[in-house]
Amino acid sequence: MKRTHHCNELRPEHIGQTVTLAGWVHSRRDLGGLIFIDIRDREGRTQTVFDPSALPKDLFDRAASLRSECVIAAAGKVRRRPEGTNNPKIATGEIEVAVTELELLNYADVLPFAVDDPEIASKVNEELRLKYRYLDIRRPEMLRNLRLRSKVATATRVFFDEQGFMEVETPILFKSTPEGAREFLVPNRREPGTVYALPQSPQQFKQILMVAGVEKYYQLARCFRDEDQRADRQLEFTQIDLEMSFIEREDLYTLIEGLLKRVWKVALGMDIETPFKRLSFVEAMNRYGMDKPDARFEMELVDMTEDFRNSAFKVFSGAVQAGGVVKALNARGLAGATQGQIETMTDYAKSFGAKGLAYIKVEGGEWKSPIVKFFSETERAALQSKLKIEEGDLILFAADQWLNACEILGRIRLYCADVLSAQGKLNIDPRRFDFLWVVDFPLLSFDKEQNRWYSSHHPFTAPVAEDIPLLTTDPKKVRGQHYDIVVNGWELGGGSIRIHQRDVQKTIFEQILQIPPDIAQARFGYMLEAFRYGAPPHGGIALGFDRLIAILCGTQSIRDVIAFPKTAKGADLMTEAPAPVEPKQLRELHLELRIPRKEG
RNA sequence: GGGGGCGUAGCUCAAUUGGUUAGAGCGCUGCCCUGUCACGGCAGAGGUUACGGGUUCGAGCCCCGCCGCUCCCGCCA
């Protein structure tokens with residue numbers, strides 16, 4: 001019995017036809033003298049009817065013995081449902097199939113959890129869902145996510161093909177470049193003591209492809225980073241990776257805006273507005289306290305540095321005297337914050353090294369705060385006018401070095417938004433997408449512990465041309481030609497115009513990053529050499545494909561858009577990877593294990 | 001590496017201050033039921049309270065340890 005239609009296909013116009021459906025028993029309603037079975041496949045479901053007056057007894061009995069998730073094929077005539085028994089909840093609800101033939105393709109044991117009821121299934125413990133991932137994926141919600149992922153992947157390929165890009169695959173077995181994220185290593189059987197590394201991104205290869213004259217490269221690239229995981233980070237993940245020659249930053253913005261416009265149209269049928277806003281890193285920090293701002297709501301940071309420069313309140317004036325700033329945030333409507341909530345926010349501040357968190361609750365026409373008594377009339381007036389303080393507001397302060405003060409309030413801003421959302425005081429339209437570019441990042445950041453500069457993005461990022469002279473004189477002022485694409489507070493991707501001159505790249509490696517020349521040569525020698533033979537100016541970007549799909553699917557966790565994701569500890573609960581291997585396998589790899597004993 | 005949350009029947013959850021035989025809904029098993037679609041009705045089975053210790057007359061509940069899942073910080077060039 002081969003199916004003639006899928007389970008979301010039959011409509012009144014098929015009435016009278018003899019059809020065959022195949023799929024899973026979604027639900028069975030046995031009325032004793034009459035059995036209804038909904039057959040489900042990936043497209044939908046269709047009601048079939050078993051009527052004993054029209055069927056041999058054994059066929060009817062076989063239908064009665066089926067249980068949920070058995071795989072069956074059923075043939076019969078499509079007919080209109082009796083008056084008043086249509087089911088408007090499903091697309092096939094006007095018809096049913098009066099079964100005359102039934103084949104049990106495979107019996108199903110009782111399932112560890114129900115997949116037919118979205119209400120229940122969506123609440124099932126994720127551990128169980130991961131262990132029985134094949135059942136989890138049967139749920140229409142999960143199938144929808146995977147289907148959307150597939151559609152977006154295809155749309156991406158079509159888009160880049162139209163734009164003249166070539167899809168090029170790059171090696172998974174690469175070599176270790178320990179500057180970036182921790183890498184997965186693959187021991188080499190052929191030469192004891194040597195290893196491959198899995199790529200944390202195809203960065204070097206795609207730049208080499210530019211030297212190779214490919215000009216426009218893209219790839220849906222699998223990347224590997226052996227770092228601790230989050231809801232939006234997995235050990236292995238997929239990037240939409242691309243690189244172009246002979247371009248400037250603006251060319252890339254336009255290209256990616258075009259891609260995202262296409263993707264949103266294909267995936268959600270939405271027209272998003274381009275071009276996106278541009279925000280410098282400094283402005284993003286000043287206004288939102290984050291380099292990946294969620295701009296769907298206001299609650300912006302306000303600078304109060306000058307107003308408190310000479311304040312009698314030493315916590316503020318002292319911070320300013322020490323070269324820092326005073327920043328404030330008005331969390332509208334949060335004056336009723338509980339002690340616990342204030343404490344949570346204080347903990348955030350402390351985790352950034354602050355001593356505490358100053359705040360004012362505006363309640364009953366009064367400013368309730370332990371610090372207000374130190375403020376002068378002028379200072380109060382400045383707060384009043386700059387923060388537009390009203391009854392019910394909660395004002396929060398950070399006084400510290402600029403970056404730290406911004407980051408403290410940036411974190412607290414998000415927390416306040418969560419609290420206000422939970423209270424129904426802040427409503428964000430789930431169909432709202434605030435895209436923006438964050439640009440002009442500092443090229444370098446300083447690592448106090450190791451007392452050296454490191455690349456904010458990666459060491460191949462080109463400095464803004466006019467800032468190149470500052471590289472050796474005032475490194476912190478050098479802006480990189482780096483850009484991040486951000487949507488709703490998620491970092492969707494980032495990239496840069498790259499260094500294509502050998503001498504500039506060498507300066508960065510050796511003088512700025514203090515990588516000893518022999519090590520730079522061992523790690524990046526092939527790149528430096530490639531740059532000697534005619535490297536075009538080039539740049540690119542990589543978008544987190546899993547995050548992109550998660551945003552489109554409206555889920556917080558990328559595990560919901562990955563068929564077989566890993567747990568926070570890096571385990572695959574279905575296959576039970578990672579797992580020990582045979583001693584023979586280790587011997588072949590010239591490996592010996594030294595497994596640390598547990599304490600106690 | 002650090003901090004928070006969770007773990008009770010197949011699933012989702014409950015169990016008063018530490019106190020009788022650990023309950024409910026769904027699912028499962030059996031019987032009944034010819035227009036259901038969350039079918040309905042009756043009956044029944046199902047528990048090492050993740051695991052290991054401890055405190056106590058008595059522990060699902062308190063303490064210590066451990067395992068797993070999850071969220072966050074660090075980390076993620």
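As the structure is a computational prediction, the values presented were derived from the model and not from experiment.
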message: Which residues pass the side-chain contact (heavy atoms from CB on, under 4.5 Å) test with A/Q521, not counting sequence neighbours?
response: none

Heavy-atom donor-acceptor pair, A/K206 side chain to A/L242 backbone, under 3.5 Å: yes

message: Within the 4.0 Å heavy-atom criterion, would you say A/L128 contacts the bases, only the backbone, or no part of the nucleic acid?
response: sugar-phosphate

Show each protein N/O and nucleotides 23-29 of chain B N/O combination with a separation under 3.5 Å, one pair to a line.
{"residue": "B/U29", "atom": "OP1", "partner": "A/R67", "partner atom": "NH2", "Å": "2.9"}

query: Counting any heavy atom closer than 4.0 Å, what does A/D447 reach on the DNA or RNA strands: base, sugar-phosphate only, or nothing?
result: nothing

- prompt: Taking the side chain of A/R79 as its heavy atoms from C-beta onward, which of B/U70, B/A38, B/G35 lies nearest to it?
  reply: B/G35

- request: Check whether any side-chain N or O of A/Q200 sits under 3.5 Å from a backbone N or O of A/E183 as a donor-acceptor pair, and report yes or no.
  value: no

statement: Here the distance between atom P of B/U70 and atom CD of A/E126, to the nearest Å, is 6 Å

field: Any strand: nucleotide that pairs with B/G52 via Watson-Crick or wobble, under 3.5 Å
entry: B/C64

message: Under 4.0 Å, heavy atoms only, any strand: does A/R129 hit a base, just the sugar-phosphate, or nothing?
response: nothing

A/S53, nearest nucleotide to its side chain (from B/U34, B/G35, B/G1): B/U34

message: Which nucleotide wins on minimum distance to the side chain of A/F113, given the candidates B/U36, B/C11, B/C72?
response: B/C11

message: In whole Å, I'd like the distance from the NZ atom of A/K123 to the C1' atom of B/C6.
response: 15 Å

query: Between atom CD in A/E127 and atom P in B/C11, what is the gap in whole Å?
result: 11 Å

task: Mind telling me whether A/F184 and A/F224 have parallel, tilted or perpendicular rings, with 30° and 60° as the class edges?
output: perpendicular

message: Classify A/T461 by what it touches in the nucleic acid, base, sugar-phosphate, or nothing, heavy-atom distance under 4.0 Å.
response: nothing

- prompt: Okay, side chain of A/T48, backbone of A/V99: is any donor-acceptor separation there less than 3.5 Å?
  reply: no

- prompt: Can you tell which of B/C39, B/C69, B/G74 lies closest to the side chain of A/K569?
  reply: B/C69

Ring center gap for A/F281 and A/F441 short of 6.0 angstrom: yes

List the atom pairs, with distances to 0.1 Å, where a side-chain N or O of residues 82-93 of chain A and a protein N or O form a donor-acceptor pair under 3.5 Å, not counting sequence neighbours.
{"residue": "A/T85", "atom": "OG1", "partner": "A/P82", "partner atom": "O", "Å": "2.6"}
{"residue": "A/N87", "atom": "OD1", "partner": "A/K89", "partner atom": "N", "Å": "3.0"}
{"residue": "A/T92", "atom": "OG1", "partner": "A/R45", "partner atom": "O", "Å": "2.6"}

message: Under 4.0 Å, heavy atoms only, any strand: does A/P82 hit a base, just the sugar-phosphate, or nothing?
response: base

Under 3.5 Å on both distances, the Watson-Crick or G-U partner of B/C69: B/G5

- prompt: How would you label the contact of A/Q203 with the nucleic acid (heavy atoms, under 4.0 Å): base, sugar-phosphate, or nothing?
  reply: base

- request: Quick one: label A/S455 by what it contacts on the DNA or RNA (base, sugar-phosphate, nothing), any heavy atom closer than 4.0 Å.
  value: sugar-phosphate

field: Minimum-distance nucleotide to A/D228 side chain [options: B/U12, B/G1, B/C69]
entry: B/G1

- request: Mind checking A/D30 for me? I need base, sugar-phosphate or nothing, with any heavy atom below 4.0 Å counting as a touch.
  value: base

message: Quick check for you: among B/C75, B/C72, B/U12, whose closest atom lies nearest to any side-chain atom of A/A231?
response: B/C72

- prompt: Within the structure shown, what part of the strands sits under 4.0 Å from A/I35 by heavy-atom distance: base, sugar-phosphate, or nothing?
  reply: nothing

- line: The nucleotide from B/G74, B/C76, B/U34 with an atom nearest the side chain of A/R225 is B/C76

- prompt: Checking all strands, does A/A181 fall into the base, sugar-phosphate, or nothing category for heavy-atom contacts under 4.0 angstrom?
  reply: sugar-phosphate

